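Quick caveat: nothing in here was measured; it's all calculated off a predicted structure. Just so you know, ligand 1 is whichever comes first in the structure, and atom 1 is the first atom listed for that ligand. For the single chain, residues carry numbers from 1 onward in sequence order.
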Amino acid sequence: MATNYEMGVRWFKMILGVLVFSILLSQYSCVYGEAPQVPCFFIFGDSLVDSGNNNYLPTLAKVNYLPYGVDFPIGATGRFCNGRTSVDILAELLGFKKPIPPFATTWGLVILRGLNYASGASGIRAESGTEMGVNVNLEQQLRNHHVTVLRIASILRHKALALKYLNKCFYFMGIGNNDYINNYFQTQYFNTSRIYTLEQYASVLIEQYSQQIMTLYRYGARKVALVGVAPIGNATEPFNEKLRALVDKLNADLEDAQFIYVNSSSVSRPADFKVPNISCCAVNELGLCNPFEPVCQNRSDYALWDSFHPTEAANIASAGRAYSSQDPSDTYPMDISHLVQLSL
Ligand SMILES: *[C@@H]1O[C@H](CO)[C@@H](O)[C@H](O)[C@H]1NC(C)=O
Ligand SMILES: *[C@@H]1O[C@H](CO)[C@@H](O)[C@H](O)[C@H]1NC(C)=O
Ligand SMILES: *[C@@H]1O[C@H](CO)[C@@H](O)[C@H](O)[C@H]1NC(C)=O
Ligand SMILES: *[C@@H]1O[C@H](CO)[C@@H](O)[C@H](O)[C@H]1NC(C)=O
Ligand SMILES: CC(=O)N[C@H]1CO[C@H](CO)[C@@H](O)[C@@H]1O
C-alpha cells in the first residue's frame, strides 16, 4: 500500500508533468505569436542533412574544417555544405529560431525542440558507407531516438504525455543515397550488385526501410516526410517509385498518421543555376572539398558545393519546394506546409 506521502509525491510529479507539457504546448500556440508551427522537429538521414554527428567518429566522411561552413554564421560545424543544409532551411520555414542541434553533442531541455541524428555515409543497410569508417546507420539513429524518447518521458515525468507530445512533432527522413553510392556501386567493397538486380535491391531496401519507419511510428511519430534518393542515371528510380507506393500503404494502414514523399529530382533543379554541374570547391578523391583551399567567388551561382552536396543556394531552393510545392511532382500527396498543419 502506498502511503499518503508517496501518493502525494506521485500526484505532484503528475501535475508537474502536465504543467511542463502545457507550457510547451502554449509556447508554440498563438500565445507567443511567432512560435514554430510544430513544437519539435526530428531529423534522420545522411550527409545531406548531417549537422555534426560524424565529427567525433573515426571516418573519412566528416567535414568539420573550412571551407565547409564558409557561409555558416559559426563556421565549420560538420555540415556538408558552405552554409545551411535543407533541414536548417526547413527549420526556419517552420518558425524555429535556431537550427535543430546534433544528437551527438546535445543534452538538457533543448532536446524538447527536436534533434538531428543524421550521419554522413550512413544508409538503410548497416554496412553502407563503412568503407569510409564508422557511421551512425539508420538502425542506430532510431536507437538514439529511443534514448531521446525516454529522456523526454523523464522530463515530462509521464510516458503517455511524452508520446502525446511526440505525436505533434515533424519528422524528416532522408536516407538511401549511400545504399547506392557507398554500397551497390562500390563493387570492390560490397557484393550487393552481384546478388541483386537494381529492381530487387530497391525491394530489399524498401522492405527494411518500412520496418524502420514502423519503429519510428511506435516511438510516436505521426507527421513524417520521407525524402527520395537523388537520381543516379535511372538506377534509383525503382527505389523512389517504391517509396512513393510505401507512402500510400502507410497512410492506408496507419489512420492516425500522415506520411508524405518528397521527390528529390523534382525539388532540386541544378539547371536553374548558372553553373549546374561543376563543384564550387576543389575536391579530393572522395569528392569532398580539400581543406583550406579557395572556393568559387559567387556561391549562389553554383548548384554543387563539392562533388555530391548542394550549395546553400541550392538547399534554399529545394527546401522551399519541399515546404511549399511548386509542381505536382515535388511532393506527394501534400507538401510539408500542409502536413504540419494537419490535426490528426
Ligand atoms: C557478400 O559479402 C559478405 C561480406 O563481405 C560475405 O559475408 C557474403 O558471403 C558475400 N555473399 C555472397 C553471396 O558473395
Ligand atoms: C519525380 O519527379 C520527376 C519529375 O521531376 C518524375 O519524372 C518522377 O517520376 C518522379 N518520381 C516519383 C517517384 O514520383
Ligand atoms: C556540364 O554540363 C555541360 C552541358 O550539359 C556538359 O557539356 C559538361 O561536360 C558538364 N560538365 C561536367 C563537369 O560534368
Ligand atoms: C551572384 O550570383 C547571383 C545569382 O546569379 C547574382 O544575383 C549576384 O548579382 C551575383 N553577385 C556577384 C557579386 O556577382
Ligand atoms: C533500373 C533501371 O530502370 N535501369 C535502366 C536505366 O536505363 C538504362 C538505359 O537507359 C537501362 O538499360 C536500365 O535498365
Is there at least one pair of N or O atoms, one from S265 and one from ligand 2, spaced under 3.5 Å apart?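 No, no N or O pair falls under 3.5 Å.
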For N240, is at least one N or O under 3.5 Å away from an N or O on ligand 2?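 Min N/O separation from ligand 2 is not below 3.5 Å for N240.
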Contact check, side chains of R151 and I111, non-hydrogen atoms, under 4.5 Å: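 Counting from C-beta outward, R151 and I111 do come under 4.5 Å.
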Are the side chains of R222 and L254 in touch, meaning some heavy atoms are under 4.5 Å apart?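 No, every pair of side-chain atoms sits at 4.5 Å or beyond.
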If the cut-off is 4.0 Å to any non-hydrogen atom of S266, which atoms of ligand 2 fall inside it?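 Under 4.0 Å from S266, ligand 2 has these atoms: 2 (O), 5 (O).
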Is the shortest distance from a heavy atom of Y332 to ligand 2 less than 4.0 Å?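 Distance cut 4.0 Å: Y332 fails for ligand 2.
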Exercise: do Q140 and N144 side chains pair donor with acceptor under 3.5 Å: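 A donor-acceptor contact under 3.5 Å links the two side chains.
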Going by atom types alone, do D88 and T85 pair a side-chain donor with an acceptor below 3.5 Å?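 Side chains of D88 and T85: pair found under 3.5 Å.
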Protein contact to [atom] [nearest heavy atom, distance to 0.1 Å]:
atom                    : answer
atom 9 (O) of ligand 2  : E237 OE2, 3.6 Å
atom 1 (C) of ligand 2  : N263 ND2, 1.4 Å
atom 13 (C) of ligand 2 : Y261 OH, 3.4 Å
atom 4 (C) of ligand 2  : S329 OG, 3.8 Å

Could you tell me if the ring centre of Y184 sits under 6.0 Å from that of Y196?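 No - the distance between ring centres of Y184 and Y196 does not fall below the 6.0 Å cut-off.
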Determine, using ring centers only, whether F42 and Y171 are less than 6.0 Å apart.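 That pair passes the under 6.0 Å test.
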As a test of the contact definition, would atom 11 (N) of ligand 2 count as having a protein heavy-atom neighbour under 4.0 Å?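 Given the 4.0 Å limit, the answer for atom 11 (N) of ligand 2 is yes, a protein heavy atom qualifies.
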Identify the residue among T187, D179, N183 that makes a side-chain hydrogen bond (donor to acceptor under 3.5 Å, both in side chains) with T192.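 Checked T187, D179, N183 against T192; only one passes side-chain hydrogen bond (donor to acceptor under 3.5 Å, both in side chains): N183.
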